[in-house]
Number of protein chains: 2
Amino acid sequence: MKKDSRLSSILHVLLHMAHSDRSMTSEELATFLQTHPVVVRRTMSGLRELGYVRATKGHGGGWMLCANWQTVTLRDIYDAVGCPPVFALGHRLEEPQCLVEQAVNEALDDAFREAEALLIGRLAHVTLADLAADFSRRCRQRPQRRIAHGH
Amino acid sequence: MKKDSRLSSILHVLLHMAHSDRSMTSEELATFLQTHPVVVRRTMSGLRELGYVRATKGHGGGWMLCANWQTVTLRDIYDAVGCPPVFALGHRLEEPQCLVEQAVNEALDDAFREAEALLIGRLAHVTLADLAADFSRRCRQRPQRRIAHGH
DNA sequence: TCTTAAGTAACAATATTTGTTACATGAAAA
DNA sequence: TTTTCATGTAACAAATATTGTTACTTAAGA
């Protein structure tokens, strides 16, 4: 299954915007992501509606941050891009008639619910400022990662 | 992203097989899943290779359980179907050159790793016997779920 | 008025799971 | 021995979701 990279992409461009004092066009941001400007506008639209960024048209226009860097968390950004499904695993039917299938689904859903709660909770405890500080810290402490890093 | 339902499907048919004392054909199992017999053979092949089930050809043939119901866990079945990716969320690039993107990816991966470890750990603590017992318990304790259940 | 840049709809490309067909292999029954 | 049944597997089609692209509109500034 193709993975949804909108959260990762948006966080990437937000950090770049934080290091710029002027507005940046969709084309500039698309260069960071090696993608198409329309993809940037589409993905950023959720953040604009929630007031985390502002877009202006015409000469000198583009995208400006207006989120509170200290209070907005990765979970807020996850919500802003539309709360995409977390798991690639699922059920054949959501509301099966078969009792056996109901039992299997509920047993699996127990585990899925816990894992999702953990993940979202972790995202909710990282602010954009934390992420930026983490970026700076990584650069200072682990410069060797600039060359190559495993996955 | 389309969700992978192989784990759910396989557990479903395994529970049905547990309630049968004869071998069952791919066609019978496919009826439970409302799918095609070839899908059953394809998905079961991993379990066959690991010795959790045995398939016999010809008249009276089909699939027979030979897993230790007390020791084989949902995690073993997850492995048997090929350890499909857990998350629908991911990164645009796995090994980006951009330092910002590296920092974002690693921050997200920390959360993903924890959530995946929790999920897999939960699956590893549920044996097939547990699941069967849970099924029986659900039937006894919550018969109203037979009619409808939310999701 | 012209140029720049976002907003958006519509559609193509891409990737993954699922569904299907076709054919080979093997085992049991007739 | 031939027929029938059932799995094994490759190849391909269908369905679905994300990503990429084009075309056009709206709006702001030079």
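These values consider heavy atoms only, across backbone and side chains, with no hydrogens, waters or symmetry-generated copies. Per chain, numbering begins at 1; letters A, B, ... match sequence-line order.
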Which whole-number value in Å describes the distance from [X] [atom1] to [N] [atom2]?
X     : N      : atom1 : atom2 : answer
B/M24 : D/dC5  : CE    : P     : 19 Å
B/L93 : D/dT19 : CG    : C1'   : 13 Å
A/E49 : C/dA6  : CD    : C1'   : 14 Å
B/R41 : C/dG19 : CZ    : C1'   : 13 Å
B/M64 : D/dA6  : CE    : P     : 15 Å
A/L29 : C/dG7  : CG    : P     : 12 Å
A/R42 : C/dA10 : CZ    : P     : 13 Å
B/Q34 : C/dG19 : CD    : P     : 10 Å

Looking only at side-chain N and O atoms, does [X] come under 4.0 Å of OP1 or OP2 in [N]?
X     : N      : result
A/S26 : C/dA5  : no
A/T35 : D/dG20 : yes
B/S5  : C/dT18 : yes
B/R48 : D/dT9  : yes

- Report which part of the nucleic acid B/S45 touches: base, sugar-phosphate, or nothing (heavy-atom distance under 4.0 Å, all strands).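 Answer is nothing: B/S45 stays at 4.0 Å or more from every strand.
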- Message: Both A/K57 and A/R6 contact DNA chain D. Taking the nearest nucleotide for each, which residue is further toward the 5' end?
- Response: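 Comparing both residues, the 5'-ward one is A/R6.
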- Is there a side-chain contact between B/L128 and B/I77 (heavy atoms, below 4.5 Å)?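 They are in contact (side-chain heavy atoms under 4.5 Å apart), so the answer is yes.
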From C-beta outward on [X], which listed nucleotide comes closest to its side chain: [options]?
X     : options              : result
A/H59 : C/dT8, C/dA6, C/dT4  : C/dT4
A/D4  : D/dT18, C/dA6, D/dA6 : D/dT18
A/W63 : C/dG7, D/dT9, C/dG19 : C/dG7

- Task: Give me the ring orientation class for B/F135 and B/H19: parallel if the planes are under 30° apart, tilted from 30 to 60°, perpendicular past 60°.
- Result: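 B/F135 and B/H19: perpendicular rings.
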- Query: Do the ring planes of A/F87 and B/F87 sit parallel (below 30°), tilted (30 to 60°) or perpendicular (above 60°)?
  - Reply: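 Aromatic pair A/F87/B/F87 classed parallel.
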- Start with the C-alpha distance between B/H125 and B/D130, add both sets of side-chain angles, then the distance that settles side-chain hydrogen bond (donor to acceptor under 3.5 Å, both in side chains), and finish with yes or no. CA-CA 9 Å; B/H125 278 85; B/D130 291 333; over 6 Å; no
- Message: Between C/dT17 and B/K2, counting only base atoms on the nucleotide and side-chain atoms on the residue, is there a donor-acceptor pair under 3.5 Å?
- Response: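 Counting by modelled atom types and ignoring angles, a donor-acceptor contact under 3.5 Å is found here.
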- Task: Take A/G60 and B/H36, find for each the nucleotide of DNA chain C with the closest heavy atom, and name the residue whose nucleotide sits nearer the 5' end.
- Result: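 It is A/G60, whose closest nucleotide lies nearer the 5' terminus.
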- Task: Say whether A/Y52 and A/F32 are linked into one hydrophobic cluster, either directly or through other cluster members, by side-chain heavy-atom distances under 4.5 angstrom.
- Result: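 Same cluster.
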